[in-house]
Amino acid sequence: MSEERLPTAWDKYVEAKRHALSPVEKEEEAADQEPMSMEQLERAIAETAAASGLPETGMPPRAVVHPSARKSYSKWFYRLLLVLFSALVGFLLWWGYEHYSTV
């Protein structure tokens, strides 16, 4: 079962950059065209990215490329705190009954 995934912003950026850097297909245009400067190249990438729906050029945020496991860690941390607190309350109740109960 093959699932088609939707293109991400990173995929769109890579495609826009590949399109902007691809060689010119017509030989006449290639002979007339001088090498692009860095500003012209960035402008071509920005135009291609805007045409493909990518709002800005550049790298996507780090959080998109490398998602954080922080939420998972904090969830387990709070669960551990709850277990430790419950164990402390249980131990103190047991200890109190053992040492201070009147039998």
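Scope of the values below: all heavy atoms of this structure, side chains included, with no hydrogens, waters or symmetry mates.
- A donor-acceptor contact shorter than 3.5 Å is absent between the side chain of S72 and the backbone of A69.
- Taking OG of S37 as the start and CZ of R43 as the end, the distance is 7.0 Å to the nearest 0.5 Å.
- Across every non-hydrogen atom of S68 and R70, the tightest pair is OG-N, 3.0 Å.
- Remark: of the listed residues L80, L88, L82, L80 is the sole one forming a side-chain contact (heavy atoms from CB on, under 4.5 Å) with L84.
- F91 and Y100 end up in the same hydrophobic cluster when Ile, Leu, Val, Met, Phe, Trp and Tyr side chains are linked at under 4.5 Å.
- Residues F85 and L93 share a single hydrophobic cluster, defined by chaining ILVMFWY side chains whose heavy atoms lie under 4.5 Å apart.
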